[in-house]
Number of protein chains: 2
Amino acid sequence: MQLTMTGEYAIRAMLHLASLPPGDSTQITEIASLWEIPENILRKIISQLAKAQLIFTQRGIGGGIRLAQPADKLTLLDVIEAVEGKIYLTKCLIGPDFCSRTSWCAVHLVWCEAQQKMKEILSSKSLAELVAINDFRKSQVQSLSSSQANGLNNIELNYS
Amino acid sequence: MQLTMTGEYAIRAMLHLASLPPGDSTQITEIASLWEIPENILRKIISQLAKAQLIFTQRGIGGGIRLAQPADKLTLLDVIEAVEGKIYLTKCLIGPDFCSRTSWCAVHLVWCEAQQKMKEILSSKSLAELVAINDFRKSQVQSLSSSQANGLNNIELNYS
DNA sequence: GCCAAATGAGAGTTTTTTAGTCACCTTTGA
DNA sequence: TCAAAGGTGACTAAAAAACTCTCATTTGGC
């Protein structure tokens, strides 16, 4: 019940691409070193993202990768589903074969609702928006830590 | 990113217990055969549910298991967390050690929201309510299939 | 006290999934 | 033709999940 490293890495890479000026490209090795991703693994992830048509790739000298769609049209859900396949919170949501009780089971309905809501939230913000929020919050963290001597309150994080 | 069989089995067992008259108990073997659960596995799950104080167990002749709390106070979230531990949709939601960017990362916030919403939905209905819905829907399915010759529309299932 | 019926618990196995590695292939521009 | 980029498949290692087996413990009734 957890995002895999593949999904995690894909998100990092796409977020990096989304932070570049539109149309700009970069290299796999660059992303791998900046975002702590094993290069061989990133290669395969990039290949999957290209097959899902989220990015363009170009081989050879001067080549690299870049977004195939505007950063404000892409969401976390797009990225995750591109590398992990469609999200199914339970096996019974894949299809009616898993469980003979699906036709009347109330638990199925609850999972269905949870899954739908989760997809909604994962697609509620574009990569462009996420990059913008990051930039803003990063600058906040910096100004906070530089004025740490003042004892200003830190940013609140929620590990419920 | 999916419920394990352990969680699935635990839910089946708890739903069965919740469907009994309050205070009634039953045996592991009974639940295992009724709900298609390997008995040895169910033993351990039952043991976990007991440690989490969701059920009472009693050994010996005439023993068995029963709910330790009223069925309308228990939710799917209780059951899942009892056997699978707390739900964390990503590693960075477990704690700040996984990722150095947590303090400002917008993706973290989105996952946080998704996780919170998912927990909300999983605890929005009590086991008692789920049992009641099941009973109602089962009777609907039966009356539908007995009048199938009329070509009545079937219950709609959503595999988005 | 003994027996049978019930849960409890630990070690170990098998299977599946995830993560990562390695070696080599293909494309491409200078 | 070379070097720099991405592409691919086979493989291994590690972790998690699912399951099996065996024996221990508790308990009520005879």
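In what follows, chains carry the letters A, B, and so on, assigned in the order in which the sequence lines appear, proteins first and then strands, with residues in each chain numbered from 1. Being a predicted model, the structure only gives us computed values, none of them experimental.
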Exercise. Counting only distance, no hydrogens or angles, is the base of dT26(C) paired donor-acceptor with the side chain of R59(A) under 3.5 Å?
Worked result: yes

Problem set entry | Note: E39(B)-R43(B) ion pair, threshold 4.0 Å (strictly below) | yes

Exercise. Atom CZ of F56(B) to atom P of dG8(C): distance rounded to whole Å?
Worked result: 13 Å

Exercise. Could you give all pairs that pass the salt bridge (Lys or Arg N to Asp or Glu O under 4.0 Å) test and reach residues 12-26 of chain A, with sequence neighbours left out?
Worked result: E8(A)-R12(A)

Problem set entry | Separation of dG6(D) P from R66(A) CZ (nearest whole Å) | 13 Å

Exercise. Can you tell me how far C1' of dG10(C) sits from CZ of R43(B), to the nearest Å?
Worked result: 13 Å

For this session: For E39(B) and dG8(C), give me the distance from atom CD to atom P, rounded to whole Å.
Result: 12 Å

Exercise. Under 4.0 Å: is that the gap between some side-chain N or O of T57(A) and OP1 or OP2 of dA5(D)?
Worked result: no

Seminar exercise, completed: Side-chain atoms of N40(B) come closest, of dC21(D), dG7(D), dA5(C), to dC21(D)

Problem set entry | Min side-chain heavy-atom separation P38(B)-Y9(B) under 4.5 Å | yes

Problem set entry | dA4(D) OP1/OP2 closer than 4.0 Å to side-chain N/O of Q58(A) | no

Problem set entry | Note, M14(A) side chain near I55(A) side chain (heavy atom, < 4.5 Å) | yes

For this session: Specify the separation, in whole Å, of atom CD1 of I45(B) and atom C1' of dA18(D).
Result: 10 Å

For this session: Verify side chain to side chain contact (heavy atoms under 4.5 Å, CB included) between S123(A) and D78(A), making sure each step is shown before the conclusion.
Result: CA-CA 8 Å; S123(A) 53; D78(A) 296 323; over 6 Å; no

Problem set entry | Rounded distance (Å) that lies between atom C1' of dA16(D) and atom CD of Q2(B) | 14 Å

Problem set entry | R101(A) bridged to E36(B) by N-O distance under 4.0 Å | yes

Show the distances under 3.5 angstrom between N or O atoms of the protein and N or O atoms of nucleotides 15-20 of chain C.
{"residue": "dA19(C)", "atom": "OP1", "partner": "M5(A)", "partner atom": "N", "Å": "2.9"}
{"residue": "dA19(C)", "atom": "OP2", "partner": "M5(A)", "partner atom": "N", "Å": "3.3"}
{"residue": "dG20(C)", "atom": "OP2", "partner": "Y9(A)", "partner atom": "OH", "Å": "3.2"}

Exercise. Expressed in angstrom and rounded to an integer, what is the separation of I61(A) atom CD1 from dC2(D) atom P?
Worked result: 13 Å

Problem set entry | Whole-Å distance separating the CG atom of L42(A) from the C1' atom of dG7(D) | 13 Å

Exercise. Is it true that atom CD of Q69(A) has more than 12 heavy atoms of other residues, nucleotides or ligands lying nearer than 6.0 Å?
Worked result: yes

Problem set entry | Closest-nucleotide ordering on DNA chain C, the 5'-leading residue of Q27(B) and G60(A) | Q27(B)

